[in-house]
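The figures here come from the full heavy-atom set of this structure, side chains too, leaving out hydrogens, waters and symmetry mates. Keep in mind the model is a prediction, meaning the values are calculated, not measured.
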Amino acid sequence: MDKKARARRIGKILNAYFPAPAVPLIHQDPYTLLIAVLLSAQCTDARVNIVTPSLFALAHTPEQMVKLPVAKIQEIIRPCGLSPTKAKAIWGLSQILIEKHNGSVPASFEGLEELPGVGHKTASVVMAQAFGIPAFPVDTHILRCAKRWGLSKGKTPERVEKDLKELFPRKDWIKVHLQIIYFARKFCQARQHIEECPICSVLGDL
């Protein structure tokens, strides 16, 4: 079976288990989503969701955020790891949003990737989840599953993203990205991978 046929079959399994996946990060708007995604680097979504309510209670807009000392931001987000770097990025990008974008999050890859601490994956998540623009963010879960499922031999997120975009319909990119993440966490983990994984267990038949 070729890769496109394999992707269609995998898509059907993902739809059966996670037909309407929700964004796992708590947020209210593009700005709070941007901050949450930035904090999720090398940190679990669950931990981010514990930390962000305290941060957003003090500052949920760029204007409010720049009024906080970087040290205060760092203190709040410390459980997320890399707090010195992330705190500086949060304060810095908030200042840029005020100065260059009237306090709004830009709805473009170029505008997002110019912000401190915002790489292509973070920009892709914001474009997809905040603005509904088709994108296919690739994290460690998706890298792992794309390889295990024979969808990509790419060794970099960029290559895997390109391969997956070619295999799945553009209209489904946002949904499939979330479906793979949820599926990977429940069934196709990096460690303690279960033999009964609903996709891996039938790969020989695909």
Donor-acceptor contact below 3.5 Å, side chain [X] vs main chain [Y]:
{"X": "N49", "Y": "P24", "result": "yes"}
{"X": "H141", "Y": "D139", "result": "no"}
{"X": "S40", "Y": "C43", "result": "no"}
{"X": "W91", "Y": "V66", "result": "yes"}
{"X": "Q64", "Y": "H60", "result": "yes"}
{"X": "K86", "Y": "C80", "result": "yes"}

Quiz item: Can V138 be reached from I174 by stepping across I, L, V, M, F, W or Y side chains whose heavy atoms are under 4.5 Å apart?
Solution: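 In one cluster: no.
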
Quiz item: Same cluster for L38 and L58 if Ile/Leu/Val/Met/Phe/Trp/Tyr side chains link at under 4.5 Å?
Solution: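 Yes; tracing contacts between hydrophobic side chains, which count when under 4.5 Å, links both residues.
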
What closest approach, in Å, do [X] and [Y] show between heavy atoms, and which atom pair accounts for it?
{"X": "S201", "Y": "C197", "value": "OG-O, 2.6 Å"}
{"X": "A123", "Y": "E113", "value": "CB-CG, 3.8 Å"}
{"X": "T122", "Y": "V37", "value": "CG2-CG1, 3.6 Å"}
{"X": "C188", "Y": "C200", "value": "SG-SG, 3.6 Å"}
{"X": "L97", "Y": "P62", "value": "CD1-CG, 4.0 Å"}
{"X": "L68", "Y": "A59", "value": "CD1-CB, 3.8 Å"}

Should the pair [X]-[Y] be classified as a salt bridge under the 4.0 Å nitrogen-to-oxygen rule?
{"X": "R185", "Y": "D45", "value": "yes"}
{"X": "R159", "Y": "D163", "value": "yes"}
{"X": "E166", "Y": "K3", "value": "no"}

Less than 4.5 Å apart, any side-chain heavy atom of [X] and any of [Y]?
{"X": "E75", "Y": "R78", "result": "yes"}
{"X": "E161", "Y": "K165", "result": "yes"}
{"X": "W149", "Y": "L203", "result": "yes"}
{"X": "I90", "Y": "L39", "result": "yes"}
{"X": "I96", "Y": "P116", "result": "yes"}
{"X": "L115", "Y": "L34", "result": "yes"}
{"X": "V105", "Y": "F131", "result": "yes"}
{"X": "K175", "Y": "L14", "result": "no"}

Return the [atom1] to [atom2] distance between [X] and [Y], rounded to the nearest 0.5 Å.
{"X": "L93", "Y": "I35", "atom1": "CG", "atom2": "CD1", "result": "4.5 Å"}
{"X": "K100", "Y": "I98", "atom1": "NZ", "atom2": "CD1", "result": "14.0 Å"}
{"X": "F168", "Y": "K4", "atom1": "CZ", "atom2": "NZ", "result": "11.0 Å"}
{"X": "I180", "Y": "I199", "atom1": "CD1", "atom2": "CD1", "result": "7.5 Å"}
{"X": "C145", "Y": "L151", "atom1": "SG", "atom2": "CG", "result": "9.0 Å"}
{"X": "M127", "Y": "I133", "atom1": "CE", "atom2": "CD1", "result": "3.5 Å"}

Practice problem: For residues 116-130, pull every pair meeting salt bridge (charged side-chain N to carboxylate O under 4.0 Å, His left out), keeping only residues two or more places apart or in separate chains. | Solution: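 For residues 116-130, and leaving out neighbouring residues, there are no salt bridge (charged side-chain N to carboxylate O under 4.0 Å, His left out) pairs at all.
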
Self-check item: Candidate pair V160 and F136, rule side chain to side chain contact (heavy atoms under 4.5 Å, CB included), full reasoning
Solution: CA-CA 10 Å; V160 172; F136 211 125; over 6 Å; no

Exercise. Fit a plane to each ring of F18 and F183, take the angle between them on a 0 to 90° scale, and name the class: parallel (under 30°), tilted (30 to 60°) or perpendicular (over 60°).
Key: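 The rings of F18 and F183 stand perpendicular, inter-plane angle above 60°.
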
Exercise. Apply side chain to side chain contact (heavy atoms under 4.5 Å, CB included) to R8 and L167, showing your working.
Key: CA-CA 8 Å; R8 285 195 295 271; L167 292 174; over 6 Å; no

Quiz item: Is the gap between the ring centers of F187 and Y17 under 6.0 Å?
Solution: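 Yes, close enough.
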
Practice problem: For residues F109 and H120, establish whether the separation of their ring centroids is below 6.0 Å. | Solution: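 For F109 and H120, the ring centres are under 6.0 Å apart.
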
Quiz item: Passes side chain to side chain contact (heavy atoms under 4.5 Å, CB included), S83 versus Q74? Steps please.
Solution: CA-CA 5 Å; S83 59; Q74 182 179 337; 3.5 Å; yes

Quiz item: Can you tell me if Y31 and S94 form a side-chain donor-acceptor pair at under 3.5 Å?
Solution: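 Yes.
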
Quiz prompt | side chain to side chain contact (heavy atoms under 4.5 Å, CB included) assessment of I26 paired with Q28 | solution = CA-CA 7 Å; I26 296 172; Q28 294 80 43; 4.1 Å; yes

